Amino acid sequence: MRLEELVRRLGSRYDVERWWPAESPWEIMVGAILVQRTAWENATMVLDDLRARGLLEVDAIDDLPLERLERLVRPAGFYRQKARSIKAMAAHLRGAHRSDPLGLLSKHPGSARKELLSLPGVGKETADAILLFAGRRPRFIAAAYVSRVLSRTGLFASQDYDEVQRYMEARLEPDPSTYARCYALMVQHARSTCRTRPLCDNCVLMDACAFTGRTGREGCLR
DNA sequence: ACCCAGGTGGCCC
DNA sequence: GGGCCACATGGG
């Protein structure tokens, strides 16, 4: 099976139109930190709380004492690291871009990515998520779930971030909407199958996994 | 009492 | 460059 075929099948199964709710670039940047290794619901909880308190602004975060932010971030887990990262991002934007995220996001994607990666708590995946969802730049997010789907379907076996990203970017239209949709579909699929059973939903429903064509545990995506 | 969740960075070899 | 680990809360 080719990637195109996989994406087509996933597209008929899942609705990922509202995968990342439409928010301002700064909210997406904060959300990208909050959601690291965390259920989206927990990250949104913090996001909603910050917004309700009028604290979802670059300057407000920069002015907020670290201990206060830590308390607010707690429900999203890793709260000390995340509070520090969010504050560092706010301080950087204020100091280098007049508190305007677009100052960073509208730069040449390569240098914007480098700049993001220099911030604490921002690795490749978070940088690419920010570039894609907040900056609408065509950077494919090579999340662990993406690697898992690719390897379990036999399309591409690498777990290396850069290799997986190159694989995807070489086969998709270099368009932010396409990247976002494919990423969301693959993550959604990897997450929604085989939570507790040896067989994933697809295997159970159709004898052989609809995506791998194989039966049993090896046929599953996790 | 486990396991998992839309990663990152530090340390070690 | 890879392997291991801490980081932490909330839900199943």
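As the structure is a prediction and not an experimental result, all values here were calculated from the model. Basis for what follows: all heavy atoms, side chains included, without hydrogens, waters or symmetry-related copies. So that the names make sense, note that chain A is the first sequence line, chain B the second, and so on, each numbered from 1.
Contact annotation: Arg74(A) side-chain N/O to dA8(C) OP1/OP2 distance is not under 4.0 Å. In this structure, Tyr161(A) does not reach the dG7(B) phosphate: none of its side-chain N or O atoms is under 4.0 Å from OP1 or OP2.
Rounded to an integer number of Å, the gap from Ile130(A) CD1 to dG7(B) P is 13 Å. To the nearest angstrom, P of dG7(B) lies 21 Å from CZ of Arg80(A). Taking atom CD of Gln159(A) as the reference point, atom P of dG2(C) lies 12 Å away to the nearest angstrom. The distance between atom NZ of Lys82(A) and atom C1' of dA8(C), rounded to the nearest whole Å, is 8 Å. Rounded to a whole Å, the CZ atom of Arg148(A) is 11 Å from the P atom of dG7(B). Protein atom OH of Tyr145(A) is 9 Å distant from nucleotide atom P of dC4(B), rounded to whole Å. We find that CG of Asn42(A) is positioned 13 Å from P of dG7(B), with the value rounded to whole Å. What separates CE of Met45(A) from C1' of dG10(C) is a distance of 7 Å, to the nearest Å.
Side chains of Met29(A) and Leu93(A) form a contact here, defined as non-hydrogen atoms less than 4.5 Å apart. Residues Leu132(A) and Trp20(A) have side chains not in contact (no heavy-atom distance under 4.5 Å, counting atoms from C-beta outward).
Within a 6.0 Å radius of CZ in Arg94(A), other residues, nucleotides and ligands contribute more than 12 heavy atoms.
Rounded to whole Å, the separation between the P atoms of dA8(C) and dC11(B) comes to 16 Å. Separating the C1' atom of dA5(B) from that of dG3(C) is a span of 22 Å, rounded to the nearest Å.
Of the candidates dT9(C), dT8(B), dA5(B), dT8(B) carries the atom nearest the Thr126(A) side chain, counting heavy atoms from C-beta on. Of the candidates dC7(C), dT8(B), dT9(C), the closest approach to any side-chain atom of Phe78(A) belongs to dC7(C). Each of dT9(C), dA5(B), dG7(B) was ranked by its minimum atom distance to the side chain of Tyr79(A); first place goes to dT9(C).
Heavy atoms of Gln81(A) sit under 4.0 angstrom from at least one base atom. Heavy atoms of Arg37(A) sit under 4.0 angstrom from at least one base atom.
When the nearest nucleotides of DNA chain B are assigned to Leu119(A) and Tyr183(A) by heavy-atom distance, the more 5′-ward of the two goes with Tyr183(A).
Distance CZ/Phe156(A) to CE/Met168(A): 11.0 Å, rounded to 0.5 Å.
A donor-acceptor contact shorter than 3.5 Å is absent between the side chain of Lys124(A) and the backbone of Ala142(A).
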